Amino acid sequence: LSVWGQLNLQEGMSTIMELMNYFHDYMMIILVLIMTFVTYLFIFVITSPRLDKYTVDSRILETVWTIVPMVILLFMAFPSLYLLYLMEDVSNPNLMVKVVGHQWYWEYQYSNSWFNYGFDSYMVYEKSDSPLFHSLDVDNRLVLPTNANILFLVTSADVLHSWAVPTLGIKTDAIPGRLNYLSTMTPYSGVYYGQCSEICGSNHSFMPIVLEFIPMANYL
């Protein structure tokens, strides 16, 4: 969960989210270096008396500041494309879960060759002495195994929804009549929270998502 005063992304609890955090830090380093260098040049151009027409019209200088940004863009593009490929890759899932958005709750359906089961997940309205997180806990959590490649098939039964769990780095739209997919895998047991990220109606804020990951042995 996010905490008060948090300036960075949530801690990555899946392989993809960890890579996204690393990519974010990598990109921020490049951007800070670019901003620092450009700011220095801007101040230098304004304040320096040593500029003349030969510097301004230098073809070598124009070539350099054309090639250098291209090289920088390559260093930014290759990690991005690699991460996009990993996010879209779905190979040999161990478990498939169908997620259906309703106004205003989620329906989950386990789909496997040896196990088929479905249930609805509604938000729990906690009492004053309840240890539950406000507007984030549900009556039926989606229980999943750790160290397993899990495929989610996401759709909607009525209007547009969006199924998102930030700490796992997963988010996709739930569209009526269309089946979107995403996958995740985490080695960490725990409870992870998310919410509908699409304005789907008056109770949009009251359809949270709770995934509970437990060891494979316990799950079986």
Side-chain angles (χ1 to χ4, degrees), residues 1-3 6 8-22 83 86-102 104-127 129-157 161-174 179-198 205-220:
L1 288 173
S2 298
V3 296
Q6 179 175 333
N8 208 338
L9 301 174
Q10 294 188 32
E11 183 179 359
M13 302 305 292
S14 69
T15 306
I16 293 297
M17 191 57 189
E18 287 180 342
L19 292 175
M20 291 173 67
N21 283 341
Y22 295 150
L83 184 57
L86 292 180
M87 292 173 64
E88 294 293 330
D89 182 45
V90 179
S91 57
N92 300 322
N94 303 110
L95 177 65
M96 186 166 61
V97 179
K98 186 177 181 181
V99 181
V100 183
H102 297 267
W104 286 272
Y105 65 95
W106 295 102
E107 177 189 356
Y108 298 108
Q109 301 172 12
Y110 293 96
S111 181
N112 208 314
S113 58
W114 48 272
F115 182 64
N116 287 279
Y117 177 68
F119 60 91
D120 297 333
S121 180
Y122 289 85
M123 190 185 81
V124 173
Y125 293 88
E126 74 280 0
K127 299 179 181 178
D129 58 347
S130 172
L132 302 178
F133 289 110
H134 176 68
S135 299
L136 280 180
D137 268 294
V138 296
D139 54 356
N140 294 311
R141 295 173 174 176
L142 179 61
V143 181
L144 299 168
T146 58
N147 293 309
N149 190 12
I150 303 168
L151 174 65
F152 297 100
L153 302 177
V154 184
T155 187
S156 173
H161 299 280
S162 183
W163 198 74
V165 184
T167 192
L168 295 176
I170 53 178
K171 177 181 179 181
T172 190
D173 289 334
L179 210 59
N180 287 332
Y181 71 91
L182 51 83
S183 64
T184 189
M185 180 177 65
T186 177
Y188 309 108
S189 299
V191 180
Y192 308 120
Y193 296 88
Q195 286 181 306
C196 177
S197 300
E198 188 77 41
S205 301
F206 305 106
M207 48 185 306
I209 303 159
V210 183
L211 308 184
E212 182 175 353
F213 281 85
I214 59 176
M216 178 64 80
N218 296 353
Y219 179 82
L220 294 177

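What's counted below: heavy atoms across the whole structure, side chains too, no hydrogens, waters or symmetry copies. If you're wondering where the values come from, they're calculated on a predicted model, not measured in any experiment.
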A.B. asks: Out of curiosity, T155 OG1 to W163 CH2, how far, rounded to the nearest 0.5 Å?
C.D. replies: 13.5 Å

A.B. asks: Side chain of W106, backbone of M207: donor and acceptor closer than 3.5 Å?
C.D. replies: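 Such a contact is found between W106 side chain and M207 backbone.
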
A.B. asks: Measuring from N147:CG to Y188:OH, what's the distance to the nearest 0.5 Å?
C.D. replies: 10.0 Å

A.B. asks: Taking everything shown except Y22 itself, do over 12 heavy atoms lie less than 6.0 Å from its OH?
C.D. replies: no

A.B. asks: Within the structure provided, determine whether N140 and D120 are in side-chain contact (heavy-atom separation under 4.5 Å).
C.D. replies: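 No; the side chains remain at least 4.5 Å from each other.
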
A.B. asks: Backbone N or O of L168 within a donor-acceptor pair of the S14 side chain at under 3.5 Å?
C.D. replies: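 Yes; judged by distance alone, with no hydrogens or angles, the pair exists.
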
A.B. asks: To the nearest 0.5 Å, what is the distance between OG (S183) and CE (M96)?
C.D. replies: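 These two atoms lie 13.0 Å from each other.
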
A.B. asks: Evaluate the side-chain proximity of V143 to I214: yes if any heavy-atom separation is below 4.5 Å, no if none is.
C.D. replies: yes

A.B. asks: For H161 and S156, which heavy atoms make the closest approach, and how far apart are they?
C.D. replies: CD2-OG, 3.3 Å

A.B. asks: State whether the side chain of N94 and the backbone N or O of N149 hold a donor-acceptor pair below 3.5 Å, judged by distance alone.
C.D. replies: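 Yes; at least one donor-acceptor contact below 3.5 Å.
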
A.B. asks: For a quick test of reading the model, state the closest non-hydrogen atom pair linking K171 to S197 and the distance between them.
C.D. replies: CE-CB, 3.7 Å

A.B. asks: Please answer whether the main-chain N or O of T146 pairs with a side-chain N or O of T186 as donor and acceptor at a distance below 3.5 Å.
C.D. replies: no

A.B. asks: Say you draw a straight line from OG of S162 to CD1 of I209; how long is it, rounded to the nearest 0.5 Å?
C.D. replies: 7.5 Å

A.B. asks: Keeping N180 on the side-chain end and D173 on the backbone end, is there a donor-acceptor pair under 3.5 Å?
C.D. replies: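 Yes, because the side chain of N180 sits within donor-acceptor range (under 3.5 Å) of the backbone of D173.
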
A.B. asks: Between P208 and Y193, is any pair of side-chain heavy atoms under 4.5 Å apart?
C.D. replies: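 Side-chain contact under 4.5 Å: no.
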
A.B. asks: Please examine the side chains of I150 and P145, heavy atoms only from C-beta on, and report whether any two atoms are closer than 4.5 Å.
C.D. replies: yes

A.B. asks: Could you tell me whether the side chain of F119 reaches within less than 4.5 Å of the side chain of R141, counting heavy atoms only?
C.D. replies: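 No - every pair of side-chain heavy atoms lies 4.5 Å or more apart.
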
A.B. asks: Could you pull out the closest heavy-atom pair between G12 and N21, with the gap in Å?
C.D. replies: N-ND2, 3.2 Å

A.B. asks: Quick check: do L144 and Y192 have side-chain heavy atoms less than 4.5 Å from each other?
C.D. replies: no

A.B. asks: Are the side chains of Y110 and L142 in contact, using a 4.5 Å heavy-atom criterion?
C.D. replies: yes

A.B. asks: I need the E88 CD to I16 CD1 distance, nearest 0.5 Å.
C.D. replies: 10.0 Å

A.B. asks: Once you round to the nearest 0.5 Å, how far does CG of L151 lie from CG of L182?
C.D. replies: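 Going from the CG atom of L151 to the CG atom of L182 covers 7.5 Å.
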
A.B. asks: So, do V210 and V191 sit near enough that their side-chain heavy atoms are less than 4.5 Å apart?
C.D. replies: yes

A.B. asks: Can you tell me how the ring of Y122 sits relative to the ring of Y105, calling it parallel under 30°, perpendicular over 60° and tilted otherwise?
C.D. replies: parallel

A.B. asks: Has the side chain of T167 got a donor or acceptor atom that lies under 3.5 Å from a matching backbone atom of E11?
C.D. replies: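 Yes: the side chain of T167 pairs with the backbone of E11.
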
